[in-house]
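This report refers to the structure that appears directly beneath it.
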Amino acid sequence: MKELPRVYDPKKVESKVYALWEKSGFFNPDKLPKTHKKPFSIVIPPPNITGSLHMGHALNTTIQDILIRQKRMRGYKTLWLPGTDHAGIATQNVVEKELKREGLSRHDIGREKFIERVWQWKERYGNIILDQLKKLGASCDWSKTRFTMDEDYQRAVKKAFLHYYKKGWIYQGERTINWCPRCQTSLSDLEIEYEEEQSNLWYIRYPLKNTQINTNKNFTPEPRRRTPIAEQSSLRGAASTLRGRQAWYGAGANQRKFIVVATTRPETMLGDSAVAVNPGDKRYKNLVGKMVILPIQNREIPIIADPLIDSEFGTGAVKVTPSHDLTDFEIGLSHRLKSYKVINEAGRMTGEAGENYEGLNIPECRQKVIEELTRSDLVEKIEPYSHRIAKCSRCGKTIEPLPSKQWFLKMEKLAKMAISACKSRQVKFIPKKWEKLYFNWLENIKDWCISRQIWWGHALPIWYCQIGKKSKIKNKKSKINRNKERYFISLEKPEKCPICGKCQPEQSADVLDTWFSSALWPFATLGWPIACAQNKKLKIKNKKSDIERFYPTDVLVTARDIINLWVARMIFSGFEFMKEKPFEEVYIHAIILTKEGKRMSKSKGTGIDPLSLIEKYGADATRFGIIWQETGSQDIHFGEEPIIAGKKFCNKLWNASRFVLQQISKSKIKNQKLNKNKLTQADRRILSKLNKVVDSVGNDLENYQFGKALRNLYDFFWHEFCDLYIEESKKQNDEKSRRILLYVLLSSLKLLHPFVPFVSEEIYQKLPKSHKKKSLMIEQWPSAPPLDRARRARSSNGVAKIKNQI
RNA sequence: GGGCAGUUGGCGCAGUGGUUAGCGCGCUACUUUGACAUAGUAGAGGUCACAGGUUCAAAUCCUGUACUGCCCACCA
């Protein structure tokens with residue numbers, strides 16, 4: 001036999017071994033040996049096509065690969081279904097950036113050309129991330145790769161939309177929603193991130209009706225008094241500060257001239273519809289129902305009482321701007337307030353803001369408003385204030401709440417379904433503590449704004465009649481909405497308009513929230529709805545479709561940040577469309593942070609690229625190092641040291657194997673039983689320790705304790721096998737001990753394979769033919785005799801049963 | 001404001017009641033012996049955040065404190 005190199009070189013091995021696996025076909029459940037019957041399936045959390053592998057993916061992928069490889073070796077018919085997500089806004093932004101380098105915007109080339117451009121981009125770059133998963137060793141069935149914008153998938157999405165629509169759960173509404181002025185689209189609450197920012201809290205005087213205010217343009221106000229720090233901290237808000245100032249809170253309401261509101265956004269006062277106080281706030285009791293004059297706009301607005309107001313904040317009186325604040329919108333609804341839209345979709349002031357302000361951007365307008373109010377002596381004071389500003393999670397720009405016509409999905413019943421699925425333990429979170437986050441969101445759910453004003457995504461299957469607005473409707477039976485705008489639902493492009501019978505209807509310009517399509521992932525990828533429709537035919541032929549065989553899937557592996565964004569939505573979608581959970585278990589793994597415990601971020605340069613780790617240390621070492629640090633759902637402060645340990649370990653494994661291979665080449669190893677009586681103390685010890693590790697690793701993997709399993713294996717292999725037994729065998733130097741060497745090595749390779757698949761496979765392939773199958777992937781997972789602690793404790797007799805297996 | 005984690009040798013972490021608290025990386029000394037110097041052998045290094053309590057026994061259970069991190073929420 002050719003001498004193996006002294007040092008394990010992953011570069012020479014990995015691509016070769018991966019090619020061997022792909023050629024074997026064993027990634028595909030239907031090409032596994034016939035003995036693999038019981039299905040075990042995982043659908044991958046589809047990475048964005050814009051993504052490139054980061055540490056989170058590496059951890060996520062490695063865990064799934066460990067599960068799949070282990071189950072495959074245990075004889076399951078394993079399917080790990082890969083794919084990618086079209087990632088609406090993210091992808092659109094990337095392509096827009098590309099256009100920008102050419103000096104173009106998407107509007108320059110138009111919608112159709114733009115979408116074409118995105119597809120081109122996808123063809124070129126969209127599968128990069130999947131190739132990167134291959135570098136890690138992922139044993140996905142690539143023949144089943146799916147994309148959330150595949151033709152079949154698009155059909156599934158439309159079907160789902162229609163389903164909800166028929167149930168009456170989809171409706172259109174004018175609401176104040178989160179709007180990103182840069183991405184030019186609505187965003188759901190979950191697509192928003194908050195950033196702490198230093199700003200001010202402005203205290204503004206709103207004159208009560210019938211109060212003269214100084215509108216003299218030449219009036220010079222007294223220098224503004226900054227509230228001394230001591231006073232600020234000793235007093236909660238301004239209420240107490242002002243209490244002493246008879247002018248505002250004096251003995252009788254009659255003496256008051258103003259009500260003071262506190263705000264972080266003075267520019268929105270141009271769109272105020274009311275001033276609100278808490279109903280229980282005694283300070284303002286007599287003012288509720290009175291009118292104030294909104295400065296600048298000189299509009300009469302009421303003082304109202306609403307329980308949403310926190311009387312502890314500021315002065316306890318708050319300006320209400322239904323158009324530009326989500327809470328204010330709610331208040332506006334319940335008090336039937338008029339809504340003034342003073343900021344437009346581009347983040348500029350509208351005509352409604354007044355001609356002096358129209359066209360200004362937010363900071364300009366803010367400054368101008370403050371100047372104007374100061375001139376009229378209506379600024380009570382300005383306090384420095386730090387608060388959290390809503391930012392677009394895709395582009396990082398500040399969110400602007402805006403009133404906008406959007407499509408919503410009613411969440412009440414869906415949320416209930418998702419809650420009961422988990423309460424009844426049909427779907428289990430591991431670790432269980434994450435259920436809390438899930439319940440918390442579902443129990444306080446709002447309807448889901450599913451429309452987005454971008455171009456890249458699933459178009460809403462909604463069509464508008466072009467002249468229907470004017471004509472009367474006669475056909476009442478059709479799915480015609482009777483609002484001002486006439487629209488209908490159609491999965492295909494309609495030949496002619498069912499409403500007016502004449503026009504060429506236009507499809508809605510909106511697309512669906514990316515997560516609407518991701519929510520269908522576990523079953524849409526397996527062929528829903530087409531495969532479900534065909535199931536009857538297949539039954540006659542005694543065949544089963546993928547969806548029948550592999551749905552529900554066994555486990556979903558993901559991180560906590562998308563529990564609500566994605567996991568919850570998959571759960572209710574599964575029940576709604578398949579009448580069945582999408583997965584039994586949800587394993588929530590750690591998040592990988594920098595060594596200092598900070599978020600890894602590309603822009604800050606704190607990220608570590610797993611590909612460079614693979615390049616430097618090899619894929620096995622990278623997997624090893626990541627899993628080594630995975631201990632439950634404790635966040636990982638990522639250090640490179642364990643990867644170095646992984647590299648060393650691979651080398652150790654390689655060299656121990658070299659030794660064993662040398663030994664067994666001395667004489668032919670026969671497959672016959674060991675004579676128990678001839679076993680030495682060391683023989684018994686290693687066999688017993690092997691049994692123990694088989695047992696514990698099996699348990700650890702069942703319980704998703706990957707780091708623990710790996711550490712157990714490491715200790716066993718390095719310290720028990722290499723340090724003790726190999727050294728001992730050198731002394732023994734007989735056939736029996738060589739047989740034990742081979743047996744323990746082979747067992748170790750099997751146990752280690754899910755963790756370090758490349759090196760273990762490479763070594764396996766070097767074993768004598770009589771001792772191996774086509775690939776380590778389909779070797780039988782070792783099994784230890786049933787755990788018998790009592791007996792094992794008494795003596796090292798655990799070896800009794802194992803000898804028959806050698 | 002609410003919730004959840006964490007605090008163990010230089011660094012990153014295991015360890016959920018019971019012998020001298022372990023591991024990786026690093027460090028010190030010696031060893032190139034015929035698998036491996038990406039190694040072997042030996043070793044240094046920790047009052048297990050702090051304060052109480054439960055117990056025959058606590059890093060481990062309970063209570064509180066401090067610090068750090070994360071998440072959620074309609075503090076405008």
Side-chain angles (χ1 to χ4, degrees), chain A residues 3-9 176 189-190 194 201-202 236-237 261-266 268-269 272 275-276 278 306-321 324-331 385 387-388 401 431 433-434 436-441 444 446 560-561 563-564 590-591 593-599 617-618 621 624-625 628-663 705 707-708 710-712 714-715 718-719 721-723 726-727 729-730 733 741 745:
Chain A
E3 182 73 11
L4 293 175
R6 293 162 68 94
V7 173
Y8 172 65
D9 181 1
T176 295
D189 293 350
L190 296 173
Y194 291 91
L201 194 54
W202 284 269
R236 206 181 165 91
V261 299
T263 181
T264 55
R265 298 205 58 192
T268 61
M269 58 99 46
D272 280 1
V275 169
N278 190 286
D306 194 288
L308 287 177
I309 304 302
D310 175 8
S311 43
E312 297 282 303
F313 182 86
T315 59
V318 171
K319 59 196 259 337
V320 181
T321 323
H324 301 290
D325 184 279
L326 271 43
T327 311
D328 291 3
F329 177 76
E330 300 290 328
I331 297 175
Y385 188 70
H387 66 143
R388 300 195 322 162
K433 64 176 177 180
W434 297 113
K436 223 172 171 175
L437 216 126
Y438 172 85
F439 288 134
N440 182 40
W441 184 67
N444 301 297
K446 281 193 240 162
R560 71 173 108 90
D561 44 358
I563 287 178
N564 295 326
I591 283 179
L593 306 169
T594 65
K595 201 163 189 174
E596 294 74 37
K598 301 279 178 229
R599 190 175 269 272
Y617 303 108
F624 181 105
W628 183 267
Q629 299 180 70
E630 220 264 359
T631 57
S633 64
Q634 176 71 0
D635 285 346
I636 297 171
H637 289 198
F638 184 82
E640 211 160 302
E641 295 85 354
I643 309 235
I644 296 169
K647 186 176 153 77
K648 289 183 178 179
F649 181 73
C650 291
N651 198 54
K652 188 77 178 174
L653 177 58
W654 180 255
N655 275 296
S657 306
R658 261 182 5 121
F659 175 76
V660 174
L661 288 170
Q662 267 173 28
Q663 293 299 305
Q705 303 272 316
K708 199 173 163 204
L710 181 58
R711 272 187 286 273
N712 274 330
Y714 177 93
D715 284 343
W718 197 304
H719 300 120
F721 186 56
C722 295
D723 291 350
I726 286 185
E727 292 309 314
S729 80
K730 285 175 186 170
N733 196 22
L741 280 175
L745 176 69

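Residue numbers begin at 1 in each chain, while the letters A, B, ... track the order of the sequences.
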Heavy-atom closest pair, residues A:Ile331 and A:Ile309: CD1-CD1, 3.9 Å

To the nearest angstrom, how far is A:His637 atom NE2 from B:C70 atom P? 9 Å

I need the CZ-P distance between A:Phe649 and B:C36, as an integer number of Å. 18 Å

Let me confirm one number: the NZ-OH distance from A:Lys647 to A:Tyr8, rounded to the nearest 0.5 Å. 10.0 Å

Whenever both distances are under 3.5 Å in a Watson-Crick or G-U wobble pair, mark it; put RNA chain B into dot-bracket that way, with [ ] for crossing pairs and | when the partner is on another strand. ((((((((.[[[[.)..(...]]]].(((((.......))))).....[[[[[..)....]]]]])))))))....

How long is the line joining NZ of A:Lys652 and C1' of B:A37, in whole Å? 10 Å

Nearest-nucleotide check on RNA chain B, A:Val318 vs A:Phe659; residue mapping nearer the 5' end is A:Phe659

For atom CZ of A:Arg388 and atom C1' of B:A73, their distance in whole Å: 8 Å

Starting at atom CG of A:Asn440, determine the distance to atom C1' of B:C71, rounded to an integer number of angstrom. 10 Å

Between A:Pro642 and A:Gly639, what is the shortest heavy-atom contact and its length? CD-O, 3.2 Å

What I want to check is whether an N or O donor and acceptor connect the side chain of A:Lys433 with the base of B:C4 at under 3.5 Å. no

Spatial distance of atom OH (A:Tyr385) from atom OG1 (A:Thr263) [nearest 0.5 Å]: 10.5 Å

Would you tabulate the nitrogen or oxygen pairs shorter than 3.5 Å linking the protein to nucleotides 24-26 of chain B?
residue: B:C25; atom: OP1; partner: A:Lys648; partner atom: NZ; Å: 3.4

Between B:A73 (P) and A:Phe439 (CZ): distance, integer Å: 17 Å

Distance-only donor-acceptor test (3.5 Å): side chain A:Glu727, base B:A35: yes

Rounded distance in Å - CD1 (A:Ile591) to P (B:C4): 18 Å

Residue pairs fulfilling salt bridge (charged side-chain N to carboxylate O under 4.0 Å, His left out) with at least one residue in residues 648-658 of chain A, sequence neighbours excluded: A:Glu3-A:Arg658

Checking A:Trp628 against A:Tyr714 for the ring pair (Phe, Tyr, Trp, His ring centres under 6.0 Å) test, could you report, in this order, the C-alpha distance in whole Å, the side-chain angles of both residues, the deciding distance, and whether it holds? CA-CA 10 Å; A:Trp628 183 267; A:Tyr714 177 93; 5.1 Å; yes

In whole Å, what is the span from the CG atom of A:Asn564 to the C1' atom of B:G3? 14 Å

